[in-house]
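Note that these values count all heavy atoms, side chains included, but never hydrogens, waters or copies made by symmetry. Along the sequence shown, residues are numbered consecutively beginning with 1.
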Amino acid sequence: MSFWRPVSRLSTQRPCLTSVMALRTPTVRRYVSTKEQIRTKAVIGPFTFKAAAAFLGVGAGLLLYFKSEKNKVEILRKQKEIEKNSPQSYGKPKLGGHYSLTNAETGTPFGSDDMKGRFALIYFGFTHCPDICPEELDKMADVVDQTNKKIGENILIPVFITCDPRRDTLPVVKEYIKDFHKDLIGLTGTEEDIRKVAKLFRVYVSSPPESMEEDDYLVDHSIFFYLMDPEGVFLDCYSQNSEANDVFNSFSQYYKAYIDNGGHINTAPILIKEK
């Protein structure tokens with residue numbers, strides 16, 4: 001007796017490739033970054049608390065540095081402004097020096113040493129001058145009045161020195177200066193004395209050589225105010241074209257610069273003792 005057992009057909013279907021690959025391939029995690037992010041990370045690096053502290057420290061240092069540089073620039077700007085507003089002089093001539101003449105008010109010697117400690121404004125002229133000298137002395141009086149009012153008295157001393165000593169005797173000069181200012185000091189001397197002082201200030205003086213005291217003649221001379229500091233050093237000169245306000249403003253700058261540099265002014269009245 002034979003037995004027959006049915007045999008199942010072998011399946012001809014192929015297993016799912018996806019399932020097989022899933023069994024054989026391990027799981028891989030992928031992190032996707034853009035090119036810009038990669039570049040940023042490469043430049044900056046990892047941002048940590050230590051990096052943050054260093055960044056803040058550098059920032060604070062730069063802030064202090066820029067503040068310091070700003071202060072230096074501001075100081076330099078102020079210095080330039082001061083220099084700009086201060087009186088400037090280039091190639092200043094050496095004028096003035098020691099001299100002694102005669103005070104027409106008192107008949108006693110008076111000169112450069114007696115003006116030490118004060119600024120002086122000096123003018124060379126002559127009493128018989130018909131127009132220019134009186135105009136210039138009026139201008140000088142205006143400058144002195146402005147100084148007395150706006151800065152103080154006995155700071156700027158006005159001085160008239162004659163360049164015609166043959167006619168400008170003590171009584172003549174004494175009477176002449178009364179018409180201009182109470183502080184004006186009139187000086188005269190011998191022809192030799194006047195010649196020496198004029199040479200110190202490089203003043204041009206020309207008068208007829210054969211003229212006599214009683215003659216009526218004109219004297220040709222330089223027309224300037226000479227500004228001297230309290231040490232007797234020449235500062236500046238002002239021509240006939242200078243206005244009183246211009247002279248005062250210029251003097252004010254010299255005065256301020258002198259005081260700012262530690263200078264001292266003797267504001268006591270000049271003692272004038274009669275002979």
Got a sec, which residues hit side-chain contact (heavy atoms from CB on, under 4.5 Å) with [X], two or more places apart in sequence or on another chain?
| X | result |
| --- | --- |
| Gln240 | Ile132, Glu136, Ile223 |
| Leu95 | Pro93, Arg202, Tyr226, Phe234 |
| His98 | Ser112, Asp113 |

What residues form a side-chain hydrogen bond (donor to acceptor under 3.5 Å, both in side chains) with [X], not counting sequence neighbours?
| X | result |
| --- | --- |
| Asp142 | Gln146 |
| Tyr258 | Glu231 |
| Asp260 | Lys256 |
| Thr190 | Asp193 |

Are any side-chain N or O atoms of [X] and backbone N or O atoms of [Y], one a donor and one an acceptor, separated by less than 3.5 Å?
| X | Y | answer |
| --- | --- | --- |
| Lys139 | Ser242 | yes |
| Arg118 | Thr267 | no |
| Asn261 | Gly263 | no |

> Got a sec, which pairs hit ring-ring contact (aromatic ring centres under 6.0 Å, His included) with one end in residues 127-153, sequence neighbours left out?
Replying inline: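 Sorted pair list comes back empty.
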>> Please evaluate residues Leu227 and Leu156 with respect to the criterion side-chain contact (heavy atoms from CB on, under 4.5 Å), reporting the C-alpha separation (whole Å), side-chain torsions for both, the decisive distance (0.1 Å), and the verdict.
In response: CA-CA 9 Å; Leu227 179 63; Leu156 180 63; 4.0 Å; yes
Less than 4.5 Å apart, side chain to side chain, heavy atoms only: is that true for [X] and [Y]?
| X | Y | answer |
| --- | --- | --- |
| Phe225 | Met140 | yes |
| Tyr123 | Pro158 | no |
| Ile270 | Asp114 | no |
| Arg167 | Asp216 | yes |
| Phe124 | Ser222 | no |
| Pro130 | Leu218 | yes |
| Phe251 | Ile151 | yes |
| Val159 | Met228 | no |

Separation between [atom1] of [X] and [atom2] of [Y], rounded to the nearest 0.5 Å:
| X | Y | atom1 | atom2 | result |
| --- | --- | --- | --- | --- |
| Leu121 | Cys237 | CG | SG | 11.0 Å |
| Gln253 | Asp236 | CD | CG | 10.0 Å |
| Lys174 | Thr169 | NZ | OG1 | 11.5 Å |
| Thr147 | Asn154 | OG1 | CG | 11.5 Å |

Do [X] and [Y] sit in one hydrophobic cluster, given that two such residues count as connected whenever their side-chain heavy atoms are within less than 4.5 Å of each other, even indirectly?
| X | Y | value |
| --- | --- | --- |
| Val247 | Ile155 | yes |
| Leu200 | Met115 | yes |
| Phe224 | Val205 | yes |
| Leu187 | Leu170 | no |
| Tyr204 | Ile122 | no |

>> Can a side-chain donor-acceptor contact be found between Thr188 and Asp168 if the only test is distance below 3.5 angstrom?
In response: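 Thr188 and Asp168 do not have a side-chain donor-acceptor pair below 3.5 Å.
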What pair of heavy atoms forms the shortest contact from [X] to [Y], and how long is it?
| X | Y | value |
| --- | --- | --- |
| Asn103 | Glu105 | OD1-N, 2.8 Å |
| Pro208 | Arg166 | O-NH2, 3.3 Å |
| Ile177 | Gly186 | CD1-N, 3.7 Å |
| Gly125 | Cys133 | CA-SG, 3.7 Å |
| Gly189 | Ile194 | N-CD1, 4.0 Å |

Only counting residues at least two apart or in another chain, list the ones meeting ring pair (Phe, Tyr, Trp, His ring centres under 6.0 Å) with [X].
| X | value |
| --- | --- |
| Phe160 | Tyr176 |
| Phe248 | none |
| His221 | Phe126 |
| Tyr255 | none |

> Heavy-atom count around Lys199 NZ within 6.0 Å, excluding the residue itself: above 12?
Replying inline: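 Atom NZ in Lys199 is not packed in, count stays at 12 or less.
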> Can Ile265 and Ile259 be said to form a side-chain contact (heavy atoms from CB on, under 4.5 Å), step by step?
Replying inline: CA-CA 8 Å; Ile265 305 293; Ile259 296 300; 3.9 Å; yes
> Going through the checks in order, is the ring-ring contact (aromatic ring centres under 6.0 Å, His included) test met by Phe119 and Tyr254?
Replying inline: CA-CA 10 Å; Phe119 288 90; Tyr254 283 112; 8.1 Å; no
>> Evaluate Ile157 against Ile185 for side-chain contact (heavy atoms from CB on, under 4.5 Å), listing each step before the verdict.
In response: CA-CA 8 Å; Ile157 307 302; Ile185 297 175; 3.8 Å; yes
